[in-house]
Structure formats: C-alpha cells, structure tokens
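Here's the structure, in structure tokens; my notes come after.
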Amino acid sequence: MGLFEDYHPLKGKTFQILKPDGTLQPDSKPPISDQEIFHLYQKMLFIRLADQRALILQRQGRMGTYAPIWGQEACQVGSAAVLQKGDWVFPAFRELGATLMMGIPLKTIFLYWMGNEEGSRASEDVNVLPVSIPVGTHPLHAVGLGWAARLKGDAIVTIAYFGDGATSKGDFHEAMNFAGVFKTPTIFFCQNNQYAISVPRSIQTASKTIAQKAMAYGFDGIQIDGNDLFAVLVATKEAVEKARSGGGPTLIEGVTFRFGPHTTADDPTKYRKDEEIEPWKPLDPMIRLRLYLKEKDLWSEEVEQRFTEEAQKDIDQVVKDAEAVPAPGVEEIFKYVYAEMTSSLKEQLAYLKTTL
Amino acid sequence: MGLFEDYHPLKGKTFQILKPDGTLQPDSKPPISDQEIFHLYQKMLFIRLADQRALILQRQGRMGTYAPIWGQEACQVGSAAVLQKGDWVFPAFRELGATLMMGIPLKTIFLYWMGNEEGSRASEDVNVLPVSIPVGTHPLHAVGLGWAARLKGDAIVTIAYFGDGATSKGDFHEAMNFAGVFKTPTIFFCQNNQYAISVPRSIQTASKTIAQKAMAYGFDGIQIDGNDLFAVLVATKEAVEKARSGGGPTLIEGVTFRFGPHTTADDPTKYRKDEEIEPWKPLDPMIRLRLYLKEKDLWSEEVEQRFTEEAQKDIDQVVKDAEAVPAPGVEEIFKYVYAEMTSSLKEQLAYLKTTL
Amino acid sequence: MAKLNMVEAINLALREEMERDNRVVVLGEDVGREGGVFRVTDGLQEKFGADRVIDTPLAESGIVGTALGMALYGLLPVAEIQFDGFLYPCLDQITNHIGRMRNRSRGRFICPLVIRVPYGGGIHAPEHHSESPEAILAHTPGIKVVTPSTPYEAKGLLLSSIRGHDPVLFLEPKRIYRAIREEVPEGDYTIPLGKARLVQEGKDVTIIAWGAMVREVLNAAEQLRGDKIEAEVIDLRTISPMDVEAIVTSIRKTGRGVIVHEAPKTCGLGAEIIALINEKALLSLQAPIERVTGFDIPVPLAKSEHYYLPNSKRIIMAIKKVISF
Amino acid sequence: MAKLNMVEAINLALREEMERDNRVVVLGEDVGREGGVFRVTDGLQEKFGADRVIDTPLAESGIVGTALGMALYGLLPVAEIQFDGFLYPCLDQITNHIGRMRNRSRGRFICPLVIRVPYGGGIHAPEHHSESPEAILAHTPGIKVVTPSTPYEAKGLLLSSIRGHDPVLFLEPKRIYRAIREEVPEGDYTIPLGKARLVQEGKDVTIIAWGAMVREVLNAAEQLRGDKIEAEVIDLRTISPMDVEAIVTSIRKTGRGVIVHEAPKTCGLGAEIIALINEKALLSLQAPIERVTGFDIPVPLAKSEHYYLPNSKRIIMAIKKVISF
Ligand SMILES: Cc1ncc(C[n+]2csc(CCOP(=O)(O)OP(=O)(O)O)c2C)c(N)n1
Ligand SMILES: Cc1ncc(C[n+]2csc(CCOP(=O)(O)OP(=O)(O)O)c2C)c(N)n1
Ligand SMILES: [Mg+2]
Ligand SMILES: [Mg+2]
C-alpha cells in the first residue's frame, strides 16, 4: 500500500491531489473521469442545497435541531462514492451527504430531523444504520459487523463516520483496538472539522494529527485534505480495497471545516472568531471543483444556476412530501421495542390511549 | 529529554542497562551506588518472600484470592524508589511491591487480601490509593489528582500502575488523552507481563509495542526492560523529573513476565505452555542483580540465606498480627458509605443487628 | 431581588461559590468559552479563567474520573455531563469508584464532587437528550442525588451539594431551565439535602414529584380545586437519600397517593416510594397508590414525545382514580 | 440423564446450540483457551475453533458493542462479561444502543444477542465481584433480563434466550454455579421467557425470589414447615418482562408476601414487585410485603459479606413478621 507508507502520519504530510486553486498537485491526476467528477460535483451541490434548506426549515420552526454538513461535502461524497452495494455505513449525526449517497431518501432524512419516527426507517436494501447520537459509540458496531462478515467469508467493508471530538471517547479506542486485533474490514473516517461544538481540535487531543492515533492500534492512518474530493476518493478507495482483500482497517483523517453552526441550537460566534473562518473560505471543497470543471468546460455560472433551480424544486417537493407524512400514531412508539409487544407494554399502551 | 528521544518507540529498541548475565550494557553505568542497589535488592527479595507467603496462605485457606507479583519486582521497586514524599501512587491490584515501598504496611496488604475491610485503610501520611479492581479505570484518578496539583502549583507527580490488558480499556484512553491535553504530571506505568489472565499480549492489541500508544496522545512513551532494576530506575526518574518540572506525562512500558498464576483462582497451565515460560526464567529480575552484586562482593548464598530467614520471621509476625485483627464489626460496613450515616442506613443497620 | 430563571440561578450559585471558595472548579464539555450548551456556566470562564472553568475533551468517563482525582487532592469539582443520555459512559466511574472511595479507604480518601446533569424531556430534543436516570442513581450506594424544581431551589440545593462531604449527582430539569422565573436572592442561602418540600398542603391526596414534574403536578392540583379536591404536593428535592418521613407523614394524613415521574415505569423511583409506603403506612392506605410515569420504551422523537411525558391530564385522571377508589 | 451443575448445564447448552446453529458465536475475556474464569465455556474453543469462541481484548464496551455489530449481520453472539461489577462500562452500549436498535430503525435492524454475566455474592470474591444489577437492567427498555436458579433452568432459559429475537441479559448466579446438581437432559428443551416458576405451592405466604436466593428461600421454607407455615415459592426466572400474573395470582391467594434479593434495597426489583402488587392486589394484602435484601452499601469484602447477604434466618424472620402481622 504505497499511499499509506508515503503518507505515514509521522511524516507530517497531508495527502492532497486537487489544490484550492483548482489545479492538480505535481505528478497527480484525477482518479475518475471528468464526467464522473461533474456528476459528483452535482451530488455535492445538491447536498449543500438540501443542507441549507434544513437550516431554513429549522429557523421557520418546521424542523427540529439539525446538524449541518456545510463544508464537509467532499469528505462525505468522496468516501461514500467508492463503496459498493453490500458495504455498510455507520453514520454519526452529521452525515446527510454520505447517507444520501448510499440511498437514504432525503425525505427520510428530513423526517428524522423533523422528529418523526418514520425518519429512522431505512429501506431493506440500504445498509445504512440510523443516526447515532452518542458520540464515538457506533464505530464499535462497524467493527463488529465487519468482523462478522469476515468470519462468514463475505468480502464487504464497513465504514464509520465520526468527528474529531469522537476520537476522545473510550469507545473509539475500544473500536480501533478490536479492529486492529481482529483485522476487521473497517474504515474509520474521521471528519476533523476542527471543532466539537465549541471545543477546538487543540483541546481535544495533544497528538499532532488524528491520523497518527492509528499507530496505537497497529494499522494504517492517513491525514488527507478532506476538502479535496480527489484525495478523499483515492484514500478511501485504497482503504476499501485493502479492507476488502483482508488487509484490515484504516483510519482516515479528513481535514475539513464546519462552516455552519454545530447544530441549529448553537451560536458559533460565542467561540469562533471571524478571523478564524476566513482562511478556510477559499478552501471550500466546492470552489476548487468549480475551478477545475470550468477549466474542462463542464461548469459555468449558468450550468450552476440551472442545476440549482432544479434541485431547489426537487427539494421543495421533498419538503412537501415529508411534511405531508402524518405524525406517528401512538402505537408507533410501542411497536418496535421488542419483537413482540410484552403484556406490560400492551397494558401501558391501552392505558395511554384512554388518556388521549 | 534525551532518553525518550533515543528510545522513541518506533525505533524498535528496548531500554536496558543491566543485562541478564549481570553485566552492564556498553557505555552504561548503574544509576545508584552499589550499597543502594543492595538495599533495593533486599527490598525485592523481601517482597518476593511476602508474595510467596501470600500464595501459601491462600492455599491454606487463610487468605482469599490473591494476585501475585512474582517476576515483577524490578518494575515495582524501581519505579516506586524514585518517588518522593508528596507524590501519589494509584495501584491496580497486583502492586504489593510498589505499595509496600511507599509505606503501606505488609499487614495492611495481607488484611486486604484476607477480606478484612481494615486492609483498605491507608495511614494519613501515605499517598497510596486502595486497590482498584476495575481494570484500567484508576489512571483517570491519577490524572485528575496530578492535574489538581498542577492547578494549585504543587510540584508533585502521580503514578498509575496497570497491566497490558488495561491498555485496551476506554478509560485508559481517556486518561492518556486528558493527561496529554492538560499536561498532567502523571507517569503511566504499564507492567506488560504478557498476559491478561489467559489472554496473551498479541490478542490484546495489534500495536507492536504498548509504548507507542503514547504517540496517540502527543507525549513520550518508552519501552524498557521491566526486569532490569536499573532501567526502571532511570526511565522512571527521567519521567518523574520531567513531570515535576511541567513537562507532562510519560508512558512507560516495562516488559516483564508474570511467573505465577493470574490469581490464586487461576490455573495458568490451561493457557500457557512450559516452553513459553522457560525463556523468561533466566530473565528473572533477581538473578541479574545477584550476579551483579556478587561481582561487587555484596551478595553470597549465605547473605541471601540469612536475609531470607530474618525476612521469613518478620513475615511470620506480620501474618500473626494480621490474623489477630478481628473481623470487622457490623457497623464497619455501614460507617463509611456517607460522611454521615443516612437515616435509612441507620434503620438498615439497626434491623441487621436484630438478625445476628 | 432579581427574578431569575433556573439557568441564571445556577449560574449565580456557581459564580458566588467560586468567588467564596477557590477550591471550586468547573469542568466539562463546552462549559468554558461556550458557557455550556444551556448557558448555565455562561461568563464563568471569563471571570475565573480557563484553569477554573475548564473545557474538556469529549469523554464523560474522563470528566468524572479526573474530577474524582481532583477531589482527592482537595479541589471541589463541579463537573457537567452535557445531557442525561450521556451519563451512561461514566456510570462505571460513579458506581465503582465515586460512590465507594470513602468506604473503600475507610474514610481516608473522599471525593465530594458535584456532577451536574441537565435531565428529562419536554424540549423536543433528539434521541438520548430526554432521559431520567434518577432511579439507577438512587440504587447506587455512596452518592447523593438531588433534583431542584425551581430557580430558588436550584441555587440553595446546589450550594448545599457543593459544600457537602459526599458526591452529588445534581439533576437539573432542563425543561424548567427557562420556564419559570422567581425571586432568587443574591448571597448565601442553602437548602438542606435529604429534606423534601411541602409545596402545598391538602387533605385529600398526596402527590409526590420532583424536577420538571412538580410544575405539572401543581397545574393539575390547581385544576382540581374546582372539583373541591385538595391535593397535598410534595417536591422530593433529594432523591437519595429520600425524605421518607415527609412521604409517610403525608400519606398517613391523606390515605391516598399519586407519584409522578418521567422515567420509565418499571423500576422507576415511584416503585420505591410505593414500597416504602407499603412498609410504613400500609394500613393508612385507602386506595392503591397510582403511578403516572413515562413508559417502558425509549423516549420518542420530538413529534411523539407528548405521548410519553406525564401531563396534567394524566395526573388528574390518576388523582380522580385514587380518590374515587 | 446426567446430573450436572449449572456450569456444566450452561456449557452443554452452548455446545449443543453451537452445533445446531452455526450463527452462534461466543466472545469475551478468557472464554477461549481458558474456557472462562468459571469454566463455563470450557472446551468450546477446542471444539468450534477460535473463530467461533473468541478471546477478546479487555474491554467490556468493546465486547458488547462489537457483538451488536455482529448481530446486525446475522450472527447470534453470546458475549460474556466476566463479572457483574464490570457490566457498568458497557451499560452505555446496552442502554443507548442494544435496547434501542430495533426501535430506532423501526424494526429494520435488530440485535438478538445474549450477554452472559456471572452475578451476585456468596463466593468470598474481591470487591466488584458480587453485584446484582438486575433492577438497573429491568429499568432499561428493549432488553430482556433472565436469571436461572438451577442447572436445568439454566439450560432451558439460555436456549430460549439465544433463539429469541430480542437482546437478553443472562444473569448467572455464580454462587449456584457448582452448588447444585440436578438432572439436565441432553438435547433440546426450552423454558419460555417471561414465565415465572411456581417452585412450591403454599397457602400462607408468597415468597418471590430469583437466582441464588431461590435456594435460600427453599431452605427457609423447609424450616418453616415445623411451624406449620406453608410458603408458596415463586422463582421469577425472567426479571424483564416480569410475570406479573403469577405474582398477583399468588398474592391474591396468600395475602402475604416476602421478596428476597441480593441487590441494595432502595430501588431494587423488590420495590417494583411491591408496586405491582399495590396496583393489582392491594385489597388482598393482609400485611405489608416484606423485603429481605442487600443493604444500601457496597457489598463488603469477604470477611463481612455474610452480614450483607440475605440468609434463611432473615427470610424466616420476615415470613414470621408478615404472618403475625
Ligand atoms: C457521548 C456524548 N457526549 C456528548 C454529546 C453532545 N454532543 C453532540 S455532538 C458533540 C460534539 C461532537 O464533536 P465531533 O465528534 O467533532 O463531531 P462534529 O459535531 O464536529 O461533527 C457533542 C459534545 C453526545 N452527543 N454524545
Ligand atoms: C473492567 C474489568 N474487567 C475485567 C476484570 C477481570 N480481570 C481482573 S484482572 C484481569 C486481567 C488484567 O490484565 P492486565 O491489565 O494485563 O493486568 P495483570 O493482571 O496482568 O497484572 C481481568 C480480565 C476486571 N477486574 N475489570
Ligand atoms: Mg468536529
Ligand atoms: Mg498483564
């Protein structure tokens, strides 16, 4: 695995292919065709628009707390794009992009954040777990599932998404350690967006990179430019192929920035100065793709506008559909606690109905 | 800190001064005078004898489950020897050596393993926490106390002892991470005795060394020959001085071997072949010290025998004293749950008395 | 005297106590520059510096485990766990160490620290942000468990918690954080732990509640005045140790009782209260005690949360049931 | 038919089920080459290989969190937590994930796994090796909690637990592990979850117990025959969901009850049972239900453990008290 050696975390390099100005690093080439790049760019744009819409809906009181992904589109689209049918995704709570890519309908995602239990229902053919709120706890599930697949001889991979804050949790450690010992086919994708709510990366851990934490567990780690779609595609693909062929887990640290608030409940000006945000703005993952695609005559203001308008219409429809879904009936909250409702739950439900 | 750079975990070297044959590594010298070495050797011998006695007492039904330290004397004596009054020790459950060094009377230690609550009582001037059974949980306490001292401006250090198995626990990770972030004056002393009960080091973690786990937290780690008293003295002293002067935490991995069973409840032949133990036998920390001291005319069979006989007599007396301590009265188990006994505990105690 | 909400009252208590006693330190996720996700610690870091109001890494066991170590050294840590649902990762430290350190060391080592936890439902939060773990904590020896129900109460109980010599789990009903304003004096006053509050006297039925449910109960009691039902309302204030005396005295008087809590019904604190009444006042009972509680299911997402939470309608039904028994 | 102790019976159940269904895997600390610290999984790794009987790193949250992931993929993990006191580090995974995965995903993702935990006191073990966490688990939605009291029961209940579609906490009374031998058939039999066992009929008083306490209760009941007291003894078997019917039916018959458990009294399962009786059979009660339980203190070290554990003397006193009320 040349890549992981070349970018061994202690070498102090961050893997990048597409520079912020839209040109390529020397001796680099895009990992996919320009048409495919354009396609993924459109996905990213759609995702950004959907993300913005969620924020608006929340402000209008039409959606609950929401965790925006603004700025993290390349991490999510690039990593999800290299997965195959049969692979499994374990999101945290800020993965509108990755989960949409994997086939969770936007309507479902919106329903979830609207506080509708229906928003937790994944269709049978989509291997994406529901949102996992307790930070850092779900990588263990990705490890366990990948481990089970390995025991069964199935060549699938599992990917867990989490943030820089999550790396401080005990469960993250236990997941990494199990993955290392049992060589599970797991990609640990850390979106290091520099903050855990208000706590900056510097207070989260004293290690220079998050990537180097992999060394505590005996497997590869790599720090990549998480705002560079190409780097994300290449690094994740390499990790996925390694995992699929029995080479074990990889920790990918995508260096990125959360442009928005932590969630709609949060006021980032309390802890983050404008001066700190400014340098990140030109590093926006969309900008460099636009520059690149413009150079290839695949992008223009006009193309962007047309796509945006259509996307907004689609999103309008999704919002409409989601809002048309009735709030779940009272049975819905009792129905899935056990395989069969226990008699005491039946009794409680019956009582509850008499009080409505 | 030259030592920690020279022995950076990724360099693949294990720090050693005194070789198993009793001679010194080239360009090395003993860190303390020969008289002092002899003194510490005697401590180690006493500890080994006390440890063996505990095993015998257990087999005679005079003591409960006991976790022997046989083979780990150098780790414990060497590390505790460089601590100062005012420093704090956080043992796990296999630290007869270290805690005795710090001033916990053998009688107290025996009482504890005899299942007498009095064995948990440390005298006011001894900064040694009671035995901590839940593996990997107490390093957090060492970090918190060291942190508090640092906030108060006190130049003390804290040391937590734990095993290779403990490094897999989430709490170990959180402790290491907090220590790194807040630069607490903490020594993490891992006695890697190759086993966690029956689970060998190779299944515990895939990282090549335990020392390198420090790199995940941004501070120094070092692997040392834990059966070499001199290496333990030097490495711990260096870590202690660094910590005391504000340089933050250190992880020390003392490579050693548990010659005895995990505890008296355990049958190591179930999981450990004789062939595996053989190569460790000549690495016994006592042997090389004997060879070294003999060379200096400080050790002989006769000296050993005289000391042993006296020590056994002392230990006889300790056993006698410990066995003379009455089992705690019924109040003793209610008295220390809260600062003041709650009325419901008073009621429960009163009831219990009526049933005796 | 200023009218404060609960967030402001707790903030005031912390501020005053930190001024008074420099052993007090605050630590937790986002408690510093952000001033806490609920703004409970707002302004404290500016005033007392980053050494006394400490933003920590995201690790609950780390927070309370290091707080224990701090307390051993004589500091008085007030740790914050950001939401009830994130208390579970530190239950091991709480149960196996914090609640046992005094006992294990025969009184030599103590850890009088406070763990503040915004708890309970009613704010339409995401999953894991609406839990009520008080029964689990009350089942745990060696810790005290406190739940204020109003701003005034919060300040007085918090000061007692910080000054006490035992570890305290301080559960703050987040639904009440900004819902009530009342006069909260500046300066020192404490409310003793272990004593319930008789919120309202009445002769017909005893209603026992704590935290956010006290307000629901008072609403219900108010509505019942029209029916000429006089409810006696007890705010437990301290969950552990419980004020058994207050409960029993009231039940002996009224002969009827309703217990209201948000936690799941089975093995909730309501069960223990009924068991105590069974033991000490069974013969006074004129009807089975009713429990109005959450259900034995995960707290539902926002749109269905109202099904889960006890409300005045359910409380009134229960009161009528015990009265007409 | 062989007379087996509980260790052997559980071992047999695992062995047979692993033969029958290759989705069953066993994982935990020391379960493989050592065969478990109590030898419950003895010989299984030799027979089924290290891929199906897996020694894990020392990390309880890791064990149950990965077991959850395995279950999602269709394996049937039987995880072992080595001792009750080490369950706390994985309570977060149990409460916040295992008990909620089905609900959270609206039935799409399920994790029918079994977590075996040797529990309870009486073997003179060190601190943290004698805990009884059943009430905490019974307060947790989405999981089932099972406690066998004899070898025969253990096998039948474990097979049901493995084959069921819900996660099960399987609490094994370690004190009974080698204390009782009884006939345990080879081959398939199951005991349904959620049904209590009427161990002994009687008309004077109902005694409810589970796990190791059943034996103490039977001792006590035996001794009371001389006093012409006929005790009805119920072994709960499943702690959650509880067989309320069985409890209520018996109490209606006897009018008197004693509940025996090792866990601390306050908020123990005994409280819930009393609350249920209060709700469903108050008028049948001729005396307050008595609780014979552990105390609200940490389980003492070996030399003082006997003070803590309920014994037949205390049970007899309680029975006499309710009978002479
Ligand atoms: C165990 C736990 N503790 C606290 C929280 C509250 N919380 C939600 S998100 C968050 C910060 C997460 O930071 P990070 O892992 O970097 O992810 P990001 O939000 O930046 O995507 C916190 C503290 C939680 N959800 N879970
Ligand atoms: C949290 C926890 N899990 C399990 C145990 C049971 N147990 C006691 S010691 C031990 C192995 C510890 O291994 P290690 O950390 O290497 O220390 P050593 O015993 O080798 O000194 C285990 C599994 C425990 N005490 N605590
Ligand atoms: Mg982040
Ligand atoms: Mg070890």
Side-chain angles (χ1 to χ4, degrees), chain A residues 88 90 117-124 126-134 137-152 154 156 158 160 169-171 173-182 184 186 328 332-345 347, chain D residues 22-23 25 27 51-52 54-75 77 89-90 92-93 95-113 141-144 164-167 193-194 240-245 276 279:
Chain A
W88 283 71
F90 296 76
E117 302 281 344
E118 276 305 303
S120 299
R121 193 190 295 276
S123 52
E124 285 297 328
V126 175
N127 294 335
V128 177
L129 270 286
V131 163
S132 173
I133 300 276
T137 54
H138 58 287
L140 277 171
H141 312 159
V143 172
L145 193 143
W147 187 5
R150 216 180 141 242
L151 291 174
K152 283 195 175 181
D154 297 347
I156 61 140
T158 60
K169 285 280 297 181
D171 274 6
H173 173 71
E174 299 190 6
M176 293 281 285
N177 195 46
F178 271 63
V181 170
F182 298 106
T184 70
T186 309
E332 291 297 309
I333 59 174
F334 283 83
K335 204 157 126 185
Y336 299 106
V337 182
Y338 293 97
E340 250 184 81
M341 208 182 291
T342 63
S343 54
S344 110
L345 281 186
E347 205 176 279
Chain D
N22 64 16
R23 296 172 303 168
V25 296
L27 73 163
D51 274 359
R52 289 188 67 199
I54 308 166
D55 279 322
T56 67
L58 206 169
E60 287 75 14
S61 195
I63 292 167
V64 308
T66 54
L68 190 173
M70 288 178 159
L72 289 175
Y73 200 69
L75 294 187
C90 53
D92 187 38
Q93 286 289 340
T95 310
N96 279 341
H97 288 304
I98 289 174
R100 290 160 174 260
M101 196 48 90
R102 177 188 292 275
N103 183 65
R104 183 188 292 151
S105 67
R106 309 279 84 200
R108 162 83 161 91
F109 297 118
I110 63 171
C111 46
L113 53 85
I143 58 172
K144 295 188 170 177
H165 301 287
D166 296 304
L193 305 192
S240 176
M242 228 189 294
D243 188 348
V244 184
E245 183 73 21
L276 288 167
E279 273 162 36

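So you know, we letter chains A, B, ... as the sequences are listed, proteins then strands, and number each from 1.
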Quick one: what part of A:Ile333 sits under 4.5 Å from any heavy atom of chain D, side chain, backbone, both or neither?
backbone

Inter-residue atom distance D:Asp51.CG - A:Arg150.CZ, 0.5 Å rounding
7.5 Å

At a 4.5 Å cut-off on heavy atoms, which part of D:Asp243 comes close to chain A: side chain, backbone, both, or neither?
neither

Where is the tightest heavy-atom contact between D:Pro57 and A:Asn177, given as atom of each residue plus distance?
CB-ND2, 3.7 Å

Could you measure the distance from the NZ atom of A:Lys152 to the CE atom of D:Met70? Nearest 0.5 Å is fine.
11.0 Å

If you round to the nearest 0.5 Å, how far is NE2 of A:His138 from NE2 of D:His97?
8.0 Å

A:His141-D:Gln93 side chain donor-acceptor pair, cut-off 3.5 Å:
yes

What heavy-atom pair brings A:Leu140 and D:Gly62 nearest, and what distance separates the two atoms?
CD2-CA, 3.6 Å

Using 30° and 60° as the class boundaries, would you call the ring planes of A:Trp88 and D:Phe109 parallel, tilted or perpendicular?
tilted

With only heavy atoms counted, which part of A:Ala175 is less than 4.5 Å from chain D, the side chain, the backbone, both or neither?
neither

Within the 4.5 Å heavy-atom criterion, are D:Val25 and A:Trp147 side-chain neighbours or not?
no

D:Arg108 side chain vs A:Val126 backbone, donor-acceptor pair below 3.5 Å:
yes

Is D:Ile54 close to chain A through its backbone or its side chain, or both, or neither, when contacts mean heavy atoms under 4.5 Å?
side chain

Taking the side chain as everything from C-beta on, heavy atoms only, tell me whether A:Leu151 gets closer than 4.5 Å to D:Leu75.
yes

Working to the nearest 0.5 angstrom, can you tell me the gap between D:Ile110 CD1 and A:Tyr338 OH?
14.5 Å

Against chain A, label D:Pro241 side chain, backbone, both or neither, depending on which of its atoms sit under 4.5 Å from a heavy atom there.
side chain

Assess whether a salt bridge exists between A:Glu117 and D:Arg106, defined as any Lys/Arg side-chain N lying under 4.0 Å from an Asp/Glu carboxylate O.
yes

Under 4.5 Å from a heavy atom of chain D, the part of A:Val181 involved
side chain

Can you tell which part of A:Ser123 gets under 4.5 Å to a heavy atom of chain D, answering side chain, backbone, both or neither?
backbone

Heavy atoms only, distances under 4.5 angstrom: which of A:Ser343, A:Ala142, A:Pro134 has the most pairs with chain D? Name it, please.
A:Pro134

Bottom line for D:Asn22: the part with an atom under 4.5 Å from chain A's heavy atoms is neither

Counting only heavy atoms closer than 4.5 Å, note whether A:Phe182 contacts chain D via side chain, backbone, both or neither.
side chain

Quick check: closest heavy atoms across D:Asp166 and A:Ala339, and the distance to 0.1 Å?
OD1-N, 2.8 Å

Can you name the nearest heavy-atom pair linking A:Leu145 to D:Tyr73, along with the distance?
CD2-CD1, 3.6 Å

Under 4.5 Å from any heavy atom of chain D - which part of A:Lys335
neither

For A:Ser344, is it the side chain, the backbone, both or neither that has a heavy atom under 4.5 Å from a heavy atom of chain D?
neither

Would you mind telling me which of A:Glu174, A:Glu118, A:His173 has the largest number of heavy-atom pairs within less than 4.5 Å of chain D?
A:Glu174

Could you give me the CA-CA distance, side-chain angles and deciding distance for D:Thr66 and A:Thr184, then say whether side chain to side chain contact (heavy atoms under 4.5 Å, CB included) is met?
CA-CA 11 Å; D:Thr66 54; A:Thr184 70; over 6 Å; no

So which of D:Asp92, D:Ile143, D:Val64, D:Leu27 has the largest heavy-atom pair count under 4.5 angstrom toward chain A?
D:Ile143

As an exercise, state the distance from CE of D:Met101 to OG of A:Ser132, rounded to the nearest 0.5 Å.
7.0 Å

Using non-hydrogen atoms only, which part of D:Ala59 is less than 4.5 Å away from chain A: side chain, backbone, both, or neither?
both

From D:Leu193 atom CG to A:Thr342 atom OG1, the distance as rounded to the nearest 0.5 Å
12.5 Å

